[in-house]
Amino acid sequence: MIVVNCPNCGPRNSSDLRPCGEVTTRPDPATASLSEWRTYLYLRENPAGWVTETWYCRSGCRRYFTIERNTATNEIRDTEAS
Amino acid sequence: MAKHGYTYSAGKLVKHGLTRGDWPRMWSRPEARSSYDVVIIGGGLHGLATAYYLAKEHGITNVAVVDKGYLGGGGSGRNTAIVRSNYLTPEGVAFYDRSLSLYNSMAQDLNLNVMFSRRGHLTLAHTDSALRTMHWRAEVNKLQGIDSSVIDPQEVKKQAPSLDVSSDTRYPILGALHHPPGGIVRHDAVVWGYARAADHLGVHMLQETEVTDILCEGGEGPDGKGTGGRVTGVRTNRGDISTPAVVNCTAGWASLISNMAGVPLPITTHPLQAAVTEPCKVFLPTVVVSGSLHVYVSQTDRGELVFGASVDPVGTYRVNGTLEFTEELAAHVLELMPGISKMRLLRQWSGLCDMTPDYSPVMGTTQVDGYFVDVGWGTYGFKAGPVAGETMAETIATGRDADLIAPFTISRFTEGDLVGEKGAAAVGH
């Protein structure tokens, strides 16, 4: 079981939340080229180690927040709520 | 088959049975050369099949297959051994059907019994929308000459009498997609067969050899990697090997290897859990899949029920099992087959799945010259092993993406030309 700390609801089983993947930088849709936009849409770092990712508290406060998780060990450390 | 290999036969079985002599080792453990024509990263089914077809069909035998562990220790030894070709897209159907026909003739081709059991495959529909997708798939399949049709609950009961097809269950069975050519194969034997045949043709299999970097020159990224670059070799824990062609045939670590060449992939890695029961008398004649209940089940020749599920939602490289999986699995399987409530699970395990956004693989040439990918195999890598090897070998030998895999190249993500296979691949084994 992976326990994730929701900033509002406290520690929850990861199955109560929805993982939304690693945090990426969204290019400006008005100026981004197609290839920049599709890189943002599809390509992922997918590292085996620490990654900053977004979670959604789907069965609690419905808030999106970011955490840091080590994908090799599933160890988790909190960051500033976003 | 092999030019200078040991051939298995009934006569030799009798002879060894009587004399109790040792069987020769299936493959050798050669010393690494300092350079190869092709280096394949990943000694699983895909890597070994690629090596075998490179040697057999294209005469390229100066090939090394490197693996950080042992042959077939990743997805090749962890999958649930199901094969089928009733996919949703015409590209997928043509591709997987070629694989099925290679599985059909594999035992003769490799001179090893891979125990292919062509027992039929049922994909259950529990909702109207699922039934609609089954009809869609059946029509796509029929157009391409695949034996595939939608059957009603009474026919489902005839195919698999242990299923509960009554209408008062939580998820009643409304029908199923029936695919008679589907079945199961002994997955380890497939790995052994390709490894043995490739070894006899002169391919080097270097186990416990971990690639730590891919050496490139001329690319726009750091160290000459990335777009416009050219592969010059690989760095391993046992020293550098120079080569003009590197093939990424890994599953689970595909992104990490690909990042070494400066080629980022559209992949996230998730574990998939599976389990097996104690053996019992054979009662389940077909493969049964339920997308809505996230489970697929088949019975091995030993009598064990093999279960698989969908991938875990949290992406991770950690492959430990969870209690949630066993609880959910048991609940869903008993929904389908109430009669097996007293059976005990023998063990559970998991493997890593490289998921792509459109549930199709990423194959062929890349923006780096000499770096080829055969990755993104999600939950459908085993059934594609033979055709992946055949088409990757053709692509490497000719430098041009083989026709069957042209829709699956990495450029489809920059061109926005995805091959959406989720309707037939998400849990549909």
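- Heavy-atom distances place the backbone of A72(A), and not its side chain, under 4.5 Å from chain B.
- For the pair Y42(A)/I410(B), no side-chain contact is recorded, criterion being any heavy-atom separation below 4.5 Å from C-beta on.
- Taking OG1 of T414(B) as the start and CZ of R38(A) as the end, the distance is 7.5 Å to the nearest 0.5 Å.
- In this structure, the portion of R69(A) lying under 4.5 Å from any heavy atom of chain B is its side chain and not its backbone.
- Using a 4.5 Å cut-off between heavy atoms, L418(B) touches chain A through its side chain atoms alone.
- In this structure, OG1 on T269(B) lies 12.5 Å from CZ on R44(A), to the nearest 0.5 angstrom.
- Between atom CD of residue E415(B) and atom CG of residue L34(A) there is a gap of 10.5 Å, rounded to the nearest 0.5 Å.
- To the nearest 0.5 Å, atoms OG1 (T71(A)) and NE2 (H270(B)) are separated by 11.0 Å.
- Contacts of L17(A) with chain B are absent, with no heavy-atom separation under 4.5 Å from either backbone or side chain.
- With a 4.5 angstrom heavy-atom cutoff, W37(A) does not touch chain B via any of its atoms.
- Across P19(A) and P313(B), no two heavy atoms sit closer than the pair CG-O, 3.5 Å.
- Heavy atoms closer than 4.5 Å to chain B are found in both the backbone and the side chain of E45(A).
- Among the candidates I267(B), T322(B), V319(B), the residue making the largest number of heavy-atom pairs closer than 4.5 Å to chain A is I267(B).
- Side-chain contact between Y317(B) and N74(A): absent, with no pair of heavy atoms (C-beta onward) separated by less than 4.5 Å.
- For P357(B), the part lying near chain A is the side chain, with the backbone staying farther off; criterion is any non-hydrogen pair under 4.5 Å.
- Closest approach of S255(B) and N46(A) over heavy atoms only: OG-ND2, 2.8 Å.
- For a residue to count as touching a neighbouring chain, one of its non-hydrogen atoms must lie under 4.5 Å from one of that chain's; by this rule N70(A) does not touch chain B.
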